[in-house]
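In what follows, a structure is listed as structure tokens, so that the remarks can point back to it.
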Amino acid sequence: MCSGRYAFPQSERLTRRRDYQRMYREGSKRVGRAFICYTVRHEHQGRKFGCAVSRRVGGAVTRNRVKRYLREIYRTHRPELPPNLRIVIVARPTASGMTYDQCRDAVRALLKGAGVLHE
RNA sequence: UGAGCAGGCCGGACGGCCGCGGCGCCUUUGCGGCGUCGAGGAAAGUCCGAGCUCCGCAGGGCAGGGCGCUUCCUAACAGGAAGGCGGGGCGACCCGACGGAAAGUGGAACAGAAAACACACAGCCGAUGGCCCUCGGGCACAGGCGAAGGUGAAAAGGUGCGGUAAGAGCGCACCAGCGGCCUGGCGACAGGUCGGCUUUUCAAACCCCGCCCGGAGCAAUGCCGAAUAGGGACGCUAUGGCGUGGCCCGCGUCGCGUCCGGGUUGGCAGCUAGAGGCUCGCGGCGACGCGAGUCCCAGAUGAAUGGCCGUCUCGGAGCGGUUCGCCGCUCUAGACAGAACUCGGCUUACAGGCCUGCUCACGUC
RNA sequence: GGCGGCAUAGCCAAAUGGUAAGGCAGAGGCCUGCAAAGCCUUGUAUUCCCGGUUCGAUUCCGGGUGCCGCCU
């Protein structure tokens, strides 16, 4: 199998506060019931992903679970996303009680609405 | 069988595919491959105690704070063990901030005569002394009294008998409390005996006594690198300012402090082998200590444990059968909760389950 | 991650351990042709929650919850 197809290496993460603030300022924003999605497409940059889950969502256990779900969703949808796309997904308090399948469907709907998910 | 008490433990297991963090090795052009390890009993709250780092030294005094029955354990503790005393429970057992109120200051609302010299008030008596008299008694005063005053959370030891004009620890017995002595115990304290007859409560009010405590915290601290403009205002300037303590002394140092404005908000070390876990032996009632062997058991920094699937068990729910002390099928891993410098405790949260010892009630033999 | 603070009526906010002030807002009335302003009257509190000390707790002492701030 093509093992790297569904990977999520360190180089595809947004790790700086500066990057997140640029996304909030310049990205196109779509709001759903449980998540908010910021997307930016530029040439000459790699595909990157980041997520933000504040303390309003819940305790440390639920926040970690939501972040893992979001990373898993990005990993499994990576081949369907353009290579020059940057995404930031912010969780809202509604996401605290949702299962993995519910989160996946909500994020897919937001990405389709942004026109960045093909297939 | 039912109800309950105490102590200890578990808190799914195995496998496959994809993915993530650390370390090691290989390959190193980018990359990648292989191996290995990868959350908890509370990792939580940050309530105590330490290690460690810095504050020049960590010194003295005051202030402030903490602890508070005894003995022991411990690196230390507000922790633990064994005991004492008090309270609760039929019981197994459980709970207790449990020093001092005759060192001093203060509080005790309302009600009540009075809230701490029992003074006044209301009241009782008027035996003794005085007057009248039908010699039974009556009258007012001097005086005596602290029983009854039923309010209050709390009323000046309690109950009984005697005593008296009326009464009172005034006398006696028992009980409670206080003090001395003797005996037992390391001690808290217990038991006995004698004595004079008694003193409210609040110190989680100030306080007194005894013991303990310097301040901060890994975002500490050290190193490397990048960036900007070292500019303005105010204050004090050597009996002064600063050096992290609230103040003073001592010590060190000589321009410093506060605010406004500007820049950076990257990397490395600290960072995981420790009062460490497990097993066995010995000492001790026990907490725990000593000795031997053995193991290495997370180290991220926008922050790693996840997703999907299969099998099996523990419970739970539903359906059907049932010789009802059960069997089969279907669904369902299901509590609290996520390491961030590290330990020892405490506290709080927790579906369900297991083990050991013990108590009570009922039934049967 | 660490350190510190706060919680009282719809809002702001006071209270030596003794029945919880005051202001704004609200309701009713007076005044006015009608309003505003002014004046009078009035209701409103599990003192964040659970325990303890005390005769009695907003206050004192533990534990919990929520909110806010500071440290790179």
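Letters A, B, ... mirror the listed sequences (proteins, then strands); counts begin at 1.
Proximity of A:Gln10 to the phosphate of B:G21: a side-chain N or O atom is located under 4.0 Å from OP1 or OP2. Side-chain N/O atoms of A:Tyr100 include none lying less than 4.0 angstrom from OP1 or OP2 on B:G306. For the pair A:Arg16 and B:G302, the criterion of a side-chain N or O lying under 4.0 Å from OP1 or OP2 is met.
With values rounded to the nearest 0.5 angstrom, A:Gln21 atom CD is found 13.0 Å from A:Arg16 atom CZ. Note that CZ of A:Arg33 is 8.5 Å distant from CZ of A:Arg92, once rounded to the nearest 0.5 Å.
With a 3.5 Å ceiling on both atom-pair distances, the Watson-Crick or G-U wobble partner of B:C178 is B:G195. Pair check for B:G325 finds none; no Watson-Crick or G-U wobble contact set falls under 3.5 Å. A 3.5 Å limit on both hydrogen-bonding distances identifies B:C20 as the Watson-Crick or G-U partner of B:G38. Both distances falling under 3.5 Å, in either a Watson-Crick or a G-U wobble arrangement, place C:G66 opposite C:C6. The partner of B:A173 is B:U159, judged by Watson-Crick or G-U wobble contacts that both fall below 3.5 Å. Using the Watson-Crick or G-U wobble rule with both distances under 3.5 Å, B:C9 pairs with B:G353. The partner of B:G137 is B:C132, by the rule that a Watson-Crick or G-U pair needs both atom distances under 3.5 Å. Pairing for B:C242 goes to B:G252, judged as Watson-Crick or G-U wobble with the two contacts each under 3.5 Å.
In this structure, A:Tyr20 forms an aromatic stack with the base of B:G302, since both conditions hold: centre separation below 5.5 Å and plane angle below 30°.
At a threshold of 4.0 Å, the pair A:Asp101-A:Arg104 counts as salt-bridged, since one of the basic side-chain nitrogens sits closer than that to a carboxylate oxygen.
No N or O donor and acceptor, one from the side chain of A:Arg71 and one from the base of B:C20, sit under 3.5 Å apart.
An anti orientation is assigned to B:G79, its glycosidic angle lying beyond 90° of 0. Taking the O4'-C1'-N9-C4 or O4'-C1'-N1-C2 dihedral as appropriate, B:G7 has a value more than 90° from 0 and is therefore anti. With its glycosidic angle within 90° of 0, B:C297 adopts the syn conformation. Shown here, B:G286 is classed anti by the O4'-C1'-N9-C4 or O4'-C1'-N1-C2 angle, which is more than 90° from 0. B:A154 adopts an anti glycosidic conformation, its chi angle falling more than 90° from 0.
Grouped by direct or indirect side-chain proximity (heavy atoms under 4.5 Å, Ile/Leu/Val/Met/Phe/Trp/Tyr only), A:Tyr24 sits with A:Leu14, A:Tyr20, A:Met23, A:Val31, A:Ile36, A:Tyr38, A:Val40, A:Val88, A:Val90.
A parallel orientation is assigned to the rings of A:Tyr74 and A:Phe49, their planes being inclined by less than 30° (bins at 30° and 60°).
When the P atom is used for both B:U342 and B:G241, the distance is 43 Å, rounded to whole Å.
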Open item on the list: Across nucleotides 337-342 of chain B, 5' to 3', mark each nucleotide with B, S or - according to how protein heavy atoms within less than 4.0 Å reach it.
Closed with: BB----
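A:Arg17 comes within 4.0 angstrom of a nucleotide base, judged by non-hydrogen atoms across all strands.
Closest approach of A:Arg41 and A:Gly115 over heavy atoms only: NH1-O, 4.4 Å.
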Open item on the list: Before you tell me yes or no, could you show the steps for A:Met98 and A:Tyr69 under side-chain contact (heavy atoms from CB on, under 4.5 Å), namely the whole-Å CA-CA distance, both residues' side-chain angles and the distance that decides it to 0.1 Å?
Closed with: CA-CA 10 Å; A:Met98 291 169 69; A:Tyr69 284 175; over 6 Å; no
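When side chains are defined from C-beta on, A:Ile89 does not count as touching A:Leu110, because their heavy atoms never get closer than 4.5 Å.
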